[in-house]
Amino acid sequence: MASLSYLDLSSNQLQGSITEAFGNMASLSYLDLSSNQLQGSIPEAFVNMASLSYLDLSENPTTRSCIPEAFGNMSSLSYLDLSSNILQGPIPEVFGSLSSLSNLYLSSNQLQGPIPEALGNISSLIELYLSDNQIEGGIPNSFGRLCSLWELYLNANNLTGDPLRSLSGCTEKSLGKLELSHNSFSGPLHDLNRFRALNYLDLSHNQLNESLPSLDGDQTSSLQYFYLGHNQITGSLPKELGLFSNLWELSMPSNFLNGTISEIHLSQLPNLEFLDLSFNKLAFNVSPHWIPPFTLESVRLDSCKLGPHFPNWLLKQSISYTLSISDAGISAKLPKWFWGIFGADASVNLSRNQIHGALPDSAAPFVQLLEVDLSLNSLEGPIPLFLTDVSYLDLSNNKLSGSISSWSPSTDGTLEYLDLSQNFLSGELPDCWMHLNQLRVLNLESNRFSGAIPKSFGKLNLLEVLDLRNNNLSGEVPVRLRNCSSLRILDLSENLLSGEVPHWIGDMFGLNVLILRHNRFFGNLPLEICHLSYIQVLDLSLNNISGSIPSCLYNFTYLSGWTNISKAYHNLNASQWTNFIVSVELNSSQLIYPIAEVDIHAYLVWKGSVQEYQKNLALLGIIDLSSNKLLGKVPEEISVLANLQSLNLSRNHLTGPITPKFGQLKSLESLDLSRNQLSGEIPTSFSELDFLSVLDLSYNNLSGKIPPGTQLQGFNKSSYMGNPLLCGLPLENKCSEDETQVSHHNGGNVEDQDDNIQSPRLYISIGLGFATGFWGVCGILLFKRSWRYAYFRFLSHLYDRIVVIMIVYVTRPIRRLGT
């Protein structure tokens, strides 16, 4: 083995630590141990391999160790790859002595501190990858001396400062790829024209906040990929961009760019294939007859003004990836040629416009699209069948009408997301959903569908969200729905459904949101509902449910605070679910929760005003059983639901007192127990509900004083009205101990009357205090002889001591005067 020069053991699932024996292989010039499961620190013995020029230790779960300083002595090393490990600490200064090093890869570790200036001494360096670490500071000025550097990747760190100024020197003539995204760089881009060899530049996701400078198309003609998205760049696009004849991709989304884009900006970009200027305030001003010199494969111009007419220059494009022009001010019909510009598996987003007219019955020539989003427009007529053969379809918030009963796929489809909500669709739902076995989200809410819920829904084993709210569906909930084991959100509210609440609903263990509000359900609440361990939102309001509230609600694991509900949402992470909405009624208002990828924003429609709810759906806890016929007491077991934020039991026939244990509901923000027959006093433990902002206890049989000195006085008196025996602020009905007798007879005034009322109490207190003190001392001396003798002996000794002290202090100054 001493004469071995080449050893490749990569991708072999090797385990254990890297042996020190490699140090004995003096002839080895090539060593590849990448993509294994090696652990432990990197051996110092590597320094003994004097001939080693190629070393690859990447993609091993190396323990949290630092890079050995011994690497500085490996003078023959030309290729070093330590990426995708768990290396920590700073980048060693000794790397600067590796005069033969041409490729250095340290990406995807946990390296910290600044980039050493010494790296600028590696004059032979061609590729330097330091991305995805925790490196701070700026780019060293010494990097301007790296005359052979072609690729520099510093993205995903904490770097600051001017991103280009430190690279002045011979580096600006050699550098071809510069990746600086996801840092905190700021400053201007005035030096961009100096990089003549640059063909790839990514400065996206930084803090660049100035306008773009004038660009020299001749100096930077080699630029092919230009990314400046997600910064704070202001001003307009320079017209010189149109001189970048080799540009393939231009991406500047989510900035503060404004102004007009004319044909001059785009007329000399024949190689442009990807264009993304979305989420800026740019306006296109091109001739309706303009024929662009390029053929784009991907166009993203969301929030740019393209309308009111449909942009005819798209006719000559060949969209094989994405066309996204949402919120573009288009108010026109889709042209007949529109569906013919797409390649297979392309995505289309024309949402948030005013596109009107009917969709064509068929699109010819037509290829299968991947995603189609035409939501929030004014489209009319029936839904064409050709649009159903996609993976993602959103036609919500239009004026589409007619029936979907003609949908009868005979083969398994690829549809995963279907949103037809907020339209005028009618008729019965077809019973052929078993062929859409990939469906995960189905939203048909706010239409005019009638008839029964299809039994074939039970064949959708992957279904996670089912929203049929606000239709005219009738009959019972089909028992086959229990087979939807992946279901997380079920909303059947505002229909004409009847029957008892299904007992099998408890078998849907993963259910997080169950809304059956405003139907015709009757009978008792099944005890099986307590099996919904992960339930967060339970809304059964506005039905005819009777019986008592189950006391087993403490089994709601999430609401009890025993688990992290975010784990239950591991499947709710598709980016295309952003527009799905679950609505929950809360205290005569409506909460709207759009489900996003990870963080779910909530929008609260509170008495007509819309506010963003600063929590995501994975943190909400709501129980609403209002407007039913529930009897009995409010179970005190509800008090263990520490994550409960809203409880509404109003408009029932509940009796008995309010349990003092409600003070344990530390997360409670809204409580409505109004219009029941509750009795007794308001528990003083309510003062412990620090987050309570909505309270309604009106129209019950509550009595006594509203607990003083708490936030309970801050609520409107309407929160307590309809309880004749209730007194205290904020009610005008004062309690007896607070009332004062005010007399105006015989010239008496208010202060005199107050004094007269309080005098007996004062005299009684003085008498009791005197009697307690007198008999507490004198009584003991009277009846305890030994204590009496000791007490008087103590007084006698104390008297003698005081007399002696006085004689000493009086005679002392007299004697001094006499002398």
(message) What I'd like to find out is whether the side chain of Leu625 reaches to under 4.5 Å of the side chain of Ile545, using heavy atoms alone.
(response) no

(request) List the steps and the verdict of side chain to side chain contact (heavy atoms under 4.5 Å, CB included) for Val441 and Tyr392. (result) CA-CA 10 Å; Val441 176; Tyr392 176 101; over 6 Å; no

(message) Tell me which one of Val537, Ile515, Val513 satisfies side chain to side chain contact (heavy atoms under 4.5 Å, CB included) with Ile489.
(response) Val513

(request) Measure from the side-chain N and O atoms of Asn377 to the backbone N and O of Ser375, and report whether any donor-acceptor pair falls under 3.5 Å. (result) yes

(request) Looking only at non-hydrogen atoms, find the nearest pair between Pro253 and Asn280 and report the distance. (result) CA-ND2, 4.0 Å

(request) Would you check if the side chain of Asn512 reaches a backbone N or O of Gln536 as a donor-acceptor pair within less than 3.5 Å? (result) no

(request) Spell out, as yes or no, whether a donor-acceptor pair under 3.5 Å connects the side chain of Asn353 to the backbone of Ala328. (result) yes

(message) Quick check against the 3.5 Å criterion: does Gln645 have a side-chain atom that pairs as donor or acceptor with the backbone of Gly621?
(response) yes

(request) Write down the atom of Asn652, the atom of Leu630, and the distance for their closest heavy-atom approach. (result) OD1-N, 3.0 Å

(message) Among Thr322, Val372, Leu369, Leu370, exactly one meets side chain to side chain contact (heavy atoms under 4.5 Å, CB included) together with Phe342. Which residue is that?
(response) Leu369

(message) With a 4.0 Å cut-off on N to O distance, would you call Arg440 and Glu464 a salt bridge?
(response) yes

(request) For residues Arg517 and Leu542, report the shortest heavy-atom separation together with the two atoms involved. (result) CG-CD1, 4.1 Å

(request) Measure the acute angle between the ring planes of Phe310 and Phe338, then classify it against the limits of 30° and 60° as parallel, tilted or perpendicular. (result) perpendicular

(request) Please determine which of His356, Lys399, Gln354 meets the side-chain hydrogen bond (donor to acceptor under 3.5 Å, both in side chains) test together with Ser378. (result) Gln354

(request) Output yes when Glu494 and Arg469 qualify as a salt bridge under the 4.0 Å nitrogen-oxygen rule, no when they do not. (result) yes

(request) Looking only at non-hydrogen atoms, find the nearest pair between Pro526 and His503 and report the distance. (result) CB-CA, 3.9 Å

(request) Begin with the C-alpha distance, continue with both residues' side-chain angles, and end with the deciding distance and a verdict on side chain to side chain contact (heavy atoms under 4.5 Å, CB included) for Lys459 and Asn437. (result) CA-CA 7 Å; Lys459 297 289 185 179; Asn437 53 11; over 6 Å; no

(message) I'd like to know whether Ile549 forms a side chain to side chain contact (heavy atoms under 4.5 Å, CB included) with Leu654, so could you lay out the CA-CA distance, the side-chain angles of the two residues, the decisive distance to 0.1 Å, and finally the verdict.
(response) CA-CA 9 Å; Ile549 300 175; Leu654 300 173; 4.2 Å; yes

(message) Determine whether a donor-acceptor pair (N or O, by modelled atom type, separation under 3.5 Å) exists between the side chain of Asn519 and the backbone of Phe521.
(response) no

(message) Donor-acceptor pair, distance only, cut-off 3.5 Å: does the side chain of Asn648 make one with the backbone of Ser626?
(response) no

(message) I'd like to know if the side chain of Asn423 and the backbone of Ser421 have a donor-acceptor N/O pair within less than 3.5 Å.
(response) yes

(request) Measure the CG-CD1 distance between Leu540 and Ile505 for me, rounded to the nearest 0.5 Å. (result) 9.5 Å

(message) Donor-acceptor pair, distance only, cut-off 3.5 Å: does the side chain of Asn349 make one with the backbone of Ser351?
(response) yes

(message) Using 0.5 Å steps for rounding, measure from the CG atom of Leu379 to the CG atom of Asn397.
(response) 11.5 Å

(request) Starting at CG of Leu697, measure out to CG of Asn676 and round the result to the nearest 0.5 Å. (result) 10.5 Å

(message) Quick check: closest heavy atoms across Tyr554 and Glu637, and the distance to 0.1 Å?
(response) CD2-CG, 3.8 Å

(message) Can you tell me if His309 has over 12 outside heavy atoms packed within less than 6.0 Å of its NE2?
(response) no

(request) Compare every heavy atom of Pro311 with every heavy atom of Ile330, then report the nearest pair and how far apart it is. (result) CD1-CD, 4.0 Å

(request) Establish, from distance only, whether the side-chain atoms of Ser396 and Gln422 form a donor-acceptor pair under 3.5 Å. (result) no

(message) Working note: Asn472 + Ser450, criterion side-chain hydrogen bond (donor to acceptor under 3.5 Å, both in side chains); need CA distance, chi angles, decisive distance, verdict.
(response) CA-CA 5 Å; Asn472 297 313; Ser450 59; over 6 Å; no

(request) Take Asn495 and Ile453 through the test side chain to side chain contact (heavy atoms under 4.5 Å, CB included) and record every step on the way to the result. (result) CA-CA 11 Å; Asn495 281 285; Ile453 298 175; over 6 Å; no

(message) Donor-acceptor pair, distance only, cut-off 3.5 Å: does the side chain of Asn628 make one with the backbone of Asn543?
(response) yes

(message) Strictly distance-based, threshold 3.5 Å: is any side-chain N or O of Asp302 a donor or acceptor partner for the main-chain N or O of Phe279?
(response) no

(message) What's the separation between atom OG in Ser446 and atom CG in Leu468, rounded to the nearest 0.5 Å?
(response) 11.0 Å

(request) Only one of Asp327, Leu282, Ile325 passes side chain to side chain contact (heavy atoms under 4.5 Å, CB included) with Cys304; say which it is. (result) Leu282

(message) Within the 3.5 Å criterion, strictly below it, is a donor on Ser405 or Ser403 matched to an acceptor on the partner's side chain?
(response) yes

